[in-house]
Amino acid sequence: MAKTKSKNFIRSIIDNDLRTQKNGDRVVTRFPPEPNGFLHIGHAKSICLNFGIADDYNGPCHLRFDDTNPANEDTMYVDSIKEDVKWLGFDWQDKLFYSSDYFDKLYNYAIELIKMGKAYICELDVEQMREYRGTLTEAGKNSPFRDRSIEENLELFTKMANGDFEEGKYVLRAKIDMASPNLNMRDPAVYRVKNAPHHRTGDKFKIYPMYDYAHCMSDSIEGITHSLCTLEFENHRPLYDWFIDELDIECHPQQIEFARLNINYTVLSKRKLLELVETKAVNSWDDPRLPTIAGLRRRGYTPGSIKEFCSRIGIAKVDSTVDIALLEYCIREDLNKNAKRAMAILNPLKVVIENYPEDKVEYLKAKVNPEDPNTSYRELPFTREIFIDHDDFMENPPEKYFRLQPGGEVKLKNSYFIKCQEVIKDQDGNIIELRCTYDQEAFCGKAADGRKVKGTAHWVSAKYAQDVEVRLYDRLFKSENPQSFDNYLDDLNPNSLTVLHNCKIENNLGNLNSGDGFQFERTGYFCVDKDSTSEALVFNRTVSLKDSFKIKKK
RNA sequence: UGGGAUGUCGUCAAGCGGUAAGACACAUGGUUUUGGUCCAUGCAUUCGAGGGUUCGAAUCCUUCCAUCCCAACCA
């Protein structure tokens, strides 16, 4: 039985089917990607739905590759999809299937259809087919080949299968109703000739089944009970049902449609994602700016945060666009609780503490994760010369700026209070160094005389800091809905990636592996990028910390 | 001008005839060596609009309006 969490309409349907014993106690779902691109977070929604239902109702969820179009498909995508589903934490166990597993069965069922007089070989070309189909408001007209004899259909279909015909010349069509108001029912194509080699069956087959036929039949063959898909397939449901009914097959899965995921400031369509990769608008399928699972993973998103997001957005039938802020909330929530803290300076400003001895080093204790009651501690070397962030100093600050300023004082995180005595500039007037003094009696937020200092700055020892590269990501598109542009590529944000060199980070983080995530205190969440080498570390910014400091920086 | 679907807060989303959950966002206070976290408070007299049924309607009926999907030998 389902857990007592809020039910969406699909779970209600399943509960009802269980009550009426429509499929006995069976609940079987499936996630059916076509291996023609990388999975994105919209797929994660579907994965969480299908595998989540399977988990809760003790049924299997099949992973089935819908590989009926060899022209676009590739093993590389099969591999990436498997990796991504696994990474998200779902397990298809031994239920790994391919539509191509059923090509022989599907072929035989097609012969059945022909023998029943429910399918015929049509010689109309694409153009003519379109003309005969009619329009949204006018009925189509029957193909001149519609009434071929069963024998002739059989013979032609066999020849198609044998590879006697070139692509496009002959196609097997279901004989339904050219006047149907649902265009999908106007004698849809069932099989077409394709010469491209198939990633699994090679050149064994010359003809390949169309989605509408292959999908419902595959569901049925696998004993799927609930076939969940997105809204745009609503118009296909009558056809889904038609094949199964006409062939009089016992297992008749129920197709249920839900709204696909949209998120503002990005695009979620395989076609567009592929275009971004191919046109080099981004560097790869796992570019951290992309909403692909691989991109999010490299960006530093955790499986838990993505699953939490999918659970929070819900399942419904309304076309909707989720605010990217919710996704960011989910990763912050996860990382705030779980990420180790580190001090890193993105824009270093040197600070010399004049009253601190030249060669002295103190090792100051700092919590690895203050959110963890059992946190361990790390040691930070404190020296006369340190770096703070440029943003933490202003020569002419506005009201309510409580970071460092001339003559002002700040708390140094895990360390002493320092007071700014002098600002040093280069010939062009750029601030290049601060001369400060520290108060030995004011440490870790508390001053001996009880005085309150509002601002806190993070820092690293100039002597012991390690140089790293940091990549800052911003939204990939400038507007909320890039689709509203004639060409969504025109809306690309030219500043979606900023690379910072010479960032300074504490050097006692231990052995780092690609993917390791941290909170850089007061700055954001970052993770080690796979471009890192043992000499040169590269960090990706997953997401910044929330910042309620509203005053405009001059 | 055909068919299918959908309209509840800025964004998601519960609600299924008994008098508008929750989350994100936003705002304001408090705590805090992270302007983070956390805590508290506020945020739909109203459910696309109009009419009707009912003691009572977001929920039922009706008309209208808006939006999305469909004319690949893609999935």
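Chain letters run A, B, ... following the sequence lines, proteins first and then strands; every chain starts at 1. If you're wondering where the values come from, they're calculated on a predicted model, not measured in any experiment.
The phosphate of B:A75 has neither OP1 nor OP2 within less than 4.0 Å of any side-chain N or O from A:Arg64. Taking 4.0 angstrom as the limit, A:Tyr329 places a side-chain polar atom (N or O) nearer than this to OP1 or OP2 of B:C24. Dashed line: the shortest gap from a side-chain N or O of A:Lys400 to OP1 or OP2 of B:G35 is not under 4.0 Å. Regarding contacts with the backbone of B:U37, every side-chain N or O of A:Arg332 stays at 4.0 angstrom or more from both OP1 and OP2. Applying the 4.0 Å criterion to OP1 and OP2 of B:G36, one finds that A:Ser548 has a side-chain N or O inside that range. Dashed line: the shortest gap from a side-chain N or O of A:Arg192 to OP1 or OP2 of B:A75 is under 4.0 Å. For A:Lys454, no side-chain nitrogen or oxygen approaches OP1 or OP2 of B:U32 to under 4.0 Å. Between A:Thr68 and B:A75, a side-chain N or O to OP1/OP2 separation shorter than 4.0 Å is present.
Its glycosidic angle being more than 90° from 0, B:A27 falls on the anti side.
For the P atoms, the distance linking B:U1 with B:U11 amounts to 28 Å, nearest Å. Taking atom C1' in both B:A27 and B:A66, the straight-line distance is 32 Å, to the nearest Å. Taking the P atoms as reference points, B:C61 lies 16 Å from B:U54, given to the whole Å. Rounded to whole Å, the separation between the P atoms of B:U45 and B:G50 comes to 14 Å. When the P atom is compared between B:C47 and B:A20, the two are found 12 Å apart, to the nearest whole Å. Comparing the C1' positions of B:A21 and B:U59 gives an interatomic distance of 16 Å, to the nearest angstrom. Between the C1' atoms of B:A57 and B:C70, the separation comes to 35 Å (whole Å). Look at the C1' atom in both B:G56 and B:U19: the space between them is 8 Å, to the nearest Å.
In the interface, the side chain of A:Glu333 is not paired with the base of B:U37 through any donor and acceptor atom under 3.5 Å apart. Between the side chain of A:Asn182 and the base of B:G2, no donor-acceptor pair of N or O atoms lies under 3.5 Å. Between the base of B:C24 and the side chain of A:Asp323 there is no donor-acceptor pair shorter than 3.5 Å. At a cut-off of 3.5 angstrom, counting only N and O atoms as typed in the model, there is a donor on one side and an acceptor on the other between the side-chain of A:Glu371 and the base of B:G36.
With ring centers used as reference points, A:Tyr265 lies 6.0 Å or more from A:Phe477. Residues A:Phe520 and A:His458 keep their aromatic ring centres 6.0 Å or farther apart. Residues A:Tyr213 and A:Tyr109 keep their aromatic ring centres 6.0 Å or farther apart.
Of all nucleotides listed (B:C70, B:U33, B:G35), B:C70 comes nearest to the side chain of A:Asn235. Closest to the side chain of A:Arg312, from the set B:C70, B:C24, B:A75, is B:C24.
A:Tyr132 carries A:Lys141 over the face of its six-membered ring, with the cationic atom under 6.0 Å from the centre and within 45° of the normal. The cationic atom of A:Lys365 (NZ for Lys, CZ for Arg) lies less than 6.0 Å from the six-membered ring centre of A:Tyr377 and within 45° of the ring axis. Both the sub-6.0 Å distance and the 45° axial angle are not jointly satisfied by A:Arg192 relative to the ring of A:Tyr208.
Checking B:C68 for Watson-Crick or G-U wobble geometry (two distances, each under 3.5 Å) identifies B:G4 as its partner. Pairing of B:A57, defined by two Watson-Crick or G-U wobble distances under 3.5 Å, is not identified with any nucleotide.
Residues A:Tyr120 and A:Asn153 approach most closely at CA-OD1, 3.5 Å, considering heavy atoms.
Atoms CZ (A:Arg403) and P (B:G36) sit 11 Å apart, rounded to a whole Å.
Heavy atoms of A:Ser415 sit nowhere under 4.0 angstrom from any nucleic acid atom.
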